[in-house]
Trainee: 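Handing you a structure now.
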Amino acid sequence: MKAHDGMYIGGTWRPAAGADTIAVVNPADEQVIAHVPAGSPEDVDAAVRAARDAFPGWAATAPADRAARIAALRDVLAARADEIAATVTAELGAPPKLAETVHAGLPILVAGSYAELAASYAFEEKVGNSTVLHEPVGVVGAITPWNYPLHQIVAKAAPALAAGCTVVLKPAEDTPLTAQLFAEAVHEAGLPAGVFNLVTGLGPVAGQALAEHPGVDLVSFTGSTAVGRRIGAAAGGAVKRVALELGGKSANVILPGADLGRAVNVGIANVMSNSGQTCSAWTRMLVHKDRYEEAVALAAEAVAKYVPGDRIGPLVSARQRERVLGYIERGVAEGARLVAGGPVAPRGTGYYVSPTVFADVTPEMTIAQEEIFGPVVSLMEYEDEDDALRIANGTVYGLAGAVWGDRDEAVAFARRMDTGQVDINGGRFNPLAPFGGYKQSGVGRELGTHGLAEYLHTKSLQF
Ligand code: NAP
Ligand code: MG
């Protein structure tokens, strides 16, 4: 696609208030592929005004009509899936197959789910002598990261629109082209002017202006815990709604009854997918001491299949590569045993990191506690189930996890985990299941009816 040199506000592409731009870089070859405008607080203000003006009309639109517009949006995304995949490959570096199946495919699924939910959701319910109305919260300020550029946008915009809210989006500076493509799709789908608006720009400038704007009723943020904490504090100060989807350090718990080969292989695939840039990735693999060395050997074998530039892409930016290499060096310095990969560049150009497996990782090590956001897996040994649970729950995060073993044992273990979702024996992703974190992994849920409810507040009428 061709980059726009303006902002999508009030149903048209209009020039930015200032002249600053952001260079978009292809992380696979380090070439600049486009420039987009870097929005200022003035642009944000114009977008919020457009969203405010559009709000009463969209909120009053019948749910079935909102559903029809979201279905049209889903259809445009499906028709342009190849272009979406190519754009994500160009600005994120995702291998073409992953770009097609996940980066383009998942948002189509999620948009479709909200087309159905908008039509079927009970926006009114009876409670005793009351009628409870579920009404849209208002103008949503959405701030999204680069790791799943379109999914992160659709997971906020689709439920917000289904609820009857209007939206201003500030996407990640590293992946603005996918966001511009989404704005084109919104336009093509015939959503009324001002219902969805896009301001590209830098987090501390455009993002902060959006989060703090008094015309925004709800801030929905996905990204780092550091920025999320600030956004939560600002929202608390202004007494406005906030949803935070933050980091993770999820555990892949392999119980003694598990199919070890499958648990290790799926576990490695889970982390290596998207070059490890997945907040819910199972980056800590917990194995019983009796099968630990067997698991280490299987993990080394499994990770060898992820050849950089083929099955695994680069990281999004030089900055992210430096961060991840720093963690790998830290792991070595703190005494973890490197069984695959390491802090060496696997290719001359591109922000690639060698798929890395550490063994003998102990709970107090930095690489066992902090989110690395790269292709790095830590194998940890446990004595018994209580020890495994202590390790699994022993971080500030609680976003996801996996348990492998006898079904009943696995479910019993999952019930004791402090985390928002657990895959049992390789359970499939469900786009209708609530997604979100316990502890410092966040506040609120995305996807399905729980994701829709984030954008609604209630009014009780008594009779
Ligand atoms: P980030 O800075 O938190 O970025 C997320 C979004 O927030 C981006 O749109 C960003 O804009 C914006 N932002 C940054 N500072 C802001 C501020 N002061 N006010 C309002 N918005 C602001 O995350 P990152 O720097 O891209 O990545 C850093 C780390 O965050 C990663 O290594 C990873 O650990 C974590 N992360 C988590 C997720 C997740 O899905 N939970 C996703 C991505 C990253 P810019 O793009 O201009 O910075
Ligand atoms: Mg940032």
Side-chain angles (χ1 to χ4, degrees), residues 20-25 27 36-41 44 91-92 106 141-153 155-156 168-179 198-213 216 219-235 242-250 274-281 283 315-327 351 353 366-367 369-376 395-400 420-421 435-437 439-444 446-447:
D20 291 350
T21 62
I22 295 169
V24 186
V25 175
V36 300
S40 63
V44 169
E91 64 182 358
L92 179 69
L106 182 57
I143 301 173
T144 55
W146 41 262
N147 62 338
Y148 290 89
L150 186 58
H151 169 69
Q152 305 281 21
I153 292 170
K156 298 187 189 307
V168 177
L169 168 68
K170 201 304 279 180
E173 65 186 83
D174 291 321
T175 54
L177 301 179
T178 307
L198 170 68
V199 176
T200 51
L202 303 180
V205 184
Q208 193 165 331
L210 181 59
E212 293 176 353
H213 199 293
V216 169
V219 182
S220 180
F221 169 84
T222 299
S224 63
T225 299
V227 175
R229 193 175 278 126
R230 293 181 51 179
I231 287 178
V242 66
L244 304 171
E245 202 66 65
L246 309 177
K249 191 72 195 174
S250 299
N274 213 39
S275 309
Q277 302 168 124
T278 304
C279 48
S280 56
T283 51
L315 298 194
V316 70
S317 63
R319 193 180 70 111
Q320 281 299 113
R321 181 184 54 187
E322 293 321 305
R323 260 190 102 224
V324 172
L325 291 178
Y327 275 114
Y351 308 129
V353 168
T366 307
I367 58 168
Q369 290 296 328
E370 296 184 15
E371 183 175 52
I372 299 175
F373 233 60
V376 183
T395 76
V396 297
Y397 294 113
L399 188 56
Q421 49 260 303
F435 182 97
K439 300 194 281 184
Q440 289 183 32
S441 286
V443 174
E446 293 196 315
L447 304 181

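Atoms within a ligand are numbered from 1 in the order they appear, just like the ligands themselves.
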Trainee: Which is closest to atom 24 (P) of ligand 1 by heavy-atom distance: Gln320, Arg323, Glu212, Arg319?
Mentor: Arg319
Trainee: Only one of Val25, Val316, Val324 passes side chain to side chain contact (heavy atoms under 4.5 Å, CB included) with Tyr351; say which it is.
Mentor: Val25
Trainee: At a non-hydrogen distance cut-off of under 4.0 Å, which region of Thr144 contacts ligand 1 (side chain, backbone, both, or neither)?
Mentor: backbone
Trainee: What atoms in ligand 1 come closer than 4.0 Å to a heavy atom of Cys279?
Mentor: 39 (C), 40 (O), 41 (N)
Trainee: Would you indicate whether the side-chain heavy atoms of Pro176 and Val24 approach each other to under 4.5 Å?
Mentor: yes
Trainee: Counting heavy atoms only, which part of Ala172 comes closer than 4.0 Å to ligand 1: side chain, backbone, both or neither?
Mentor: both
Trainee: Just to check, does Ala226 reach to within less than 4.0 Å of ligand 1 when the distance is taken from its heavy atoms?
Mentor: no
Trainee: Looking only at N/O atoms, are Asp174 and ligand 1 under 3.5 Å apart anywhere?
Mentor: no
Trainee: Heavy atoms only: which of Tyr397, Trp146, Phe373 lies closest to atom 26 (O) of ligand 1?
Mentor: Trp146
Trainee: So, regarding Gly203 and ligand 1 (criterion: nitrogen or oxygen to nitrogen or oxygen, under 3.5 Å), is there a contact or not?
Mentor: yes
Trainee: At under 4.0 Å between heavy atoms, is it the side chain or the backbone of Lys249 that contacts ligand 1, or both, or neither?
Mentor: neither
Trainee: Heavy atoms only: give me the nearest Leu399-Ser250 pair and the separation to one decimal.
Mentor: C-OG, 4.2 Å
Trainee: Check each of Leu246, Thr144, Val443 against Phe221 using the side chain to side chain contact (heavy atoms under 4.5 Å, CB included) test, and report the only one that passes.
Mentor: Leu246
Trainee: Which atoms of ligand 1 are found less than 4.0 Å from any heavy atom of Glu371?
Mentor: 33 (C), 34 (O), 35 (C)
Trainee: With a cutoff of 4.0 Å, is Gln152 in contact with ligand 1, counting heavy atoms of the residue only?
Mentor: yes
Trainee: Which option wins on minimum heavy-atom distance to atom 10 (C) of ligand 1: Lys170, Glu173, Gln277?
Mentor: Lys170
Trainee: Main chain of Gly436, side chain of Glu446: is a donor-acceptor contact present, judged purely on distance under 3.5 Å?
Mentor: no
Trainee: Is the backbone of Glu370 close enough, under 3.5 Å, to the side chain of Lys249 for a donor and an acceptor to pair up by distance?
Mentor: yes
Trainee: Could you tell me which atoms of ligand 1, counted from 1 in the order shown, lie closer than 4.0 angstrom to a heavy atom of Ile231?
Mentor: 20 (C)
Trainee: Are any side-chain N or O atoms of Gln152 and backbone N or O atoms of Thr222, one a donor and one an acceptor, separated by less than 3.5 Å?
Mentor: no
Trainee: Could you establish whether Tyr148 and ligand 1 come within less than 4.0 Å of each other, counting only heavy atoms on the residue side?
Mentor: no
Trainee: Quick check against the 3.5 Å criterion: does Asn147 have a side-chain atom that pairs as donor or acceptor with the backbone of Gln277?
Mentor: yes
Trainee: Sequence neighbours excluded and cut-off under 3.5 Å, please list the side-chain donor-acceptor pairs for residues 223-235, or say none.
Mentor:
| from | atom 1 | to | atom 2 | distance (Å) |
| --- | --- | --- | --- | --- |
| Ser224 | OG | Val227 | N | 3.4 |
| Arg229 | NH2 | Gln440 | OE1 | 2.9 |
| Arg230 | NH2 | Gln208 | OE1 | 3.4 |

Trainee: Mind checking whether Glu245 contacts ligand 1 via backbone (N, CA, C, O), side chain (CB onward), both or neither, at a 4.0 Å heavy-atom cut-off?
Mentor: backbone
